[in-house]
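Here's the structure we're looking at; comments come further down.
In this text the structure is predicted, and so the values were computed from the model without any measurement.
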Amino acid sequence: MFGIPGKQAVAMTDKAAAQIAKLMEKDGSKGLRIGIKKGGCAGMEYTMDYVDEIDPLDEIVEQGGARVMIAPMAQMFLFGTEIDYEVSLLESGFKFRNPNVVDACGCGESIKFDETLGQAAK
């Protein structure tokens, strides 16, 4: 993991942890795996999937009954991210506050990272 000893890779707000724990209970999964993939107008998109098997290379973050696994290829891009869950009149969903993002599309669904961040993994 691209981390700092003693510091979790990502942080969850209490609302996010409660929602993830609720989803885990409803689905019977071991947690949610967070990753990134190419796509969207800014170049990258977040992914969230239910997990039945924990990959030994996943970074695991647990809080308040919630468990999030960070896919190995996404770890350096997500380090320092805060995951929140917001509810408004028009929508509800997870929001990522990621200090590694340098640009995002207008709808907020796709993001762009500093190109040097990706080169560090090579």
Side-chain angles (χ1 to χ4, degrees):
M1 174 64 197
F2 298 88
I4 298 171
K7 181 175 175 161
Q8 290 192 28
V10 299
M12 291 180 267
T13 65
D14 291 340
K15 288 181 185 179
Q19 183 65 20
I20 292 169
K22 184 176 165 181
L23 291 171
M24 287 172 56
E25 185 177 320
K26 179 180 176 184
D27 187 64
S29 68
K30 293 185 179 180
L32 291 175
R33 179 173 289 118
I34 300 173
I36 55 169
K37 67 177 185 174
K38 290 185 178 187
C41 52
M44 302 293 278
E45 297 175 323
Y46 293 111
T47 62
M48 291 186 84
D49 299 298
Y50 291 110
V51 174
D52 292 324
E53 294 291 325
I54 298 173
D55 184 320
L57 298 176
D58 284 344
E59 180 72 19
I60 300 171
V61 177
E62 295 179 296
Q63 177 182 322
R67 183 179 299 120
V68 170
M69 280 71 74
I70 304 170
M73 294 303 292
Q75 292 174 5
M76 78 173 124
F77 296 103
L78 296 176
F79 185 76
T81 298
E82 179 185 63
I83 304 168
D84 195 7
Y85 187 76
E86 296 178 358
V87 178
S88 71
L89 290 173
L90 299 176
E91 66 181 357
S92 62
F94 291 100
K95 304 293 181 187
F96 294 81
R97 294 184 189 97
N98 187 336
N100 304 306
V101 170
V102 295
D103 197 12
C105 66
C107 67
E109 293 296 318
S110 86
I111 51 178
K112 181 179 180 182
F113 296 101
D114 184 340
E115 292 177 15
T116 61
L117 189 61
Q119 293 172 357
K122 294 181 182 178

Looking only at heavy atoms, the pair that brings Ser92 and Tyr85 closest together is OG-OH, 3.5 Å
On a heavy-atom basis, the closest approach of Ala17 and Ala66 is O-CB, 3.3 Å
Correct closest heavy-atom pair for Gly65 and Ala21 would be O-CB, 3.7 Å
Using residues 50-57 as the side-chain source, report each donor-acceptor pair under 3.5 Å to any protein atom, sequence neighbours left out, with the distance given to one decimal.
from: Asp55; atom 1: OD1; to: Leu57; atom 2: N; distance (Å): 2.7

Scanning both residues in full, the closest heavy-atom pair of Gln75 with Ile70 reads NE2-O, 3.3 Å
Gly35 and Ala71 have their tightest heavy-atom pair at CA-CB, 4.3 Å
Residue pairs passing the side chain to side chain donor-acceptor pair (under 3.5 Å) test with at least one member in residues 15-39, sequence neighbours excluded, are Arg33-Asp58
Do Phe94 and Ile20 have side chains that approach each other closer than 4.5 Å (heavy atoms only, starting at C-beta)? yes
In this structure, CG of Leu78 is separated from CZ of Phe96 (nearest 0.5 Å) by 7.5 Å
One should read off an interatomic distance between Ile34 CD1 and Tyr46 OH, to the nearest 0.5 angstrom, of 9.5 Å
Rounded to the nearest 0.5 angstrom, the CE-CD distance for Met12 and Glu62 is 8.0 Å
Interatomic distance, CG@Asp84 vs NZ@Lys95, rounded to 0.5 Å, equals 9.5 Å
Separation between CG (Leu32) and CD1 (Ile83), nearest 0.5 Å, reads 9.0 Å
**Request:** Is it possible for you to say whether Met24 and Met69 belong to one hydrophobic cluster, with membership spreading through side-chain heavy-atom contacts below 4.5 Å?
**Result:** no
Report task. Kindly indicate, with the supporting measurements, whether the criterion side chain to side chain contact (heavy atoms under 4.5 Å, CB included) is fulfilled by Asp14 and Gln63. Result -> CA-CA 8 Å; Asp14 291 340; Gln63 177 182 322; 3.7 Å; yes
Flag yes if Phe77 and Met48 sit in one hydrophobic cluster, no otherwise; membership is Ile, Leu, Val, Met, Phe, Trp, Tyr, and two members link when side-chain heavy atoms are under 4.5 Å apart. yes
Inset, instruction - Establish whether Val10 and Met76 are linked, either directly or via other cluster members, by ILVMFWY side-chain heavy-atom contacts under 4.5 Å. - result: yes
